[in-house]
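Both ligands and their constituent atoms are indexed starting at 1 by order of listing. Quick note: numbers below take in every heavy atom, side chains included, and nothing from hydrogens, waters or symmetry partners.
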Amino acid sequence: MKIRFLSVSLFAGLLLSGCGKTDAPATTASTSAPAAAPAAKAAAPAAPKVVEITGNDQMKFSVTAIEAKVGEDIKVIFTNAGSLPKEAMGHNWVLLKPGTDVATFAGAAAAARDTDYIPAAMKDQVIAHTAVLGPRKSEEVMVKGLAAGEYTYVCTFPGHFIMMKGTLTVK
Ligand code: ZN
């Protein structure tokens with residue numbers, strides 16, 4: 001009886017800490033990516049891998065490396081954690097197909113203000129993306145059914161991709 005109560009409260013504690021705030025320290029998020037994977041039971045097939053990423057006024061993604069399994073659903077919760085206006089320091093999260101020339105894509109994207117910095121002519125290179133977000137805004141995007149490979153993600157706000165870049169490795 002006592003043990004059961006203990007384990008329940010422990011579980012509740014894990015849940016509480018699991019739905020942590022999006023402004024968690026960037027340093028721990030970027031260095032502990034593998035260990036941060038949810039300890040979900042294998043019996044729950046539909047549960048996606050949840051990845052929380054922030055972008056900030058220093059043009060940094062909090063997470064620059066993600067690992068996932070082939071076919072695993074990935075829910076990315078992207079938040080602009082900065083405070084500068086969207087017009088000056090907006091951020092998005094754009095996942096590109098393997099083999100995309102990132103510099104070429106980002107160059108085209110920077111000129112695509114009317115389409116939220118997603119270049120229409122290269123849209124087929126985009127697997128998933130959020131809108132460009134202003135400060136304290138958040139958006140979720142689901143990524144499904146990726147084959148094994150290395151996928152680059154960037155922020156396509158003009159000038160940001162050099163600093164705001166990460167890799168999603170699927171294997
Ligand atoms: Zn950005």
N/O/S atom name from His160 that is nearest to the position of the Zn ion (ligand 1): ND1
Atom of His91 nearest the Zn ion (ligand 1) (restricted to N/O/S, atom name only): ND1
More than 12 heavy atoms from other groups under 6.0 Å of CG on Asp124: yes
Distance, nearest 0.5 Å, that separates CG of Leu146 from CG of Asp73: 9.0 Å
Approximate separation, where rounding is to 0.5 Å, of Ile127 CD1 and Tyr153 OH: 13.0 Å
Pair Glu139, Thr130: side-chain N/O donor-acceptor within cut-off below 3.5 Å: no
Heteroatom N/O/S of Thr156 within less than 2.8 Å of the Zn ion (ligand 1): no
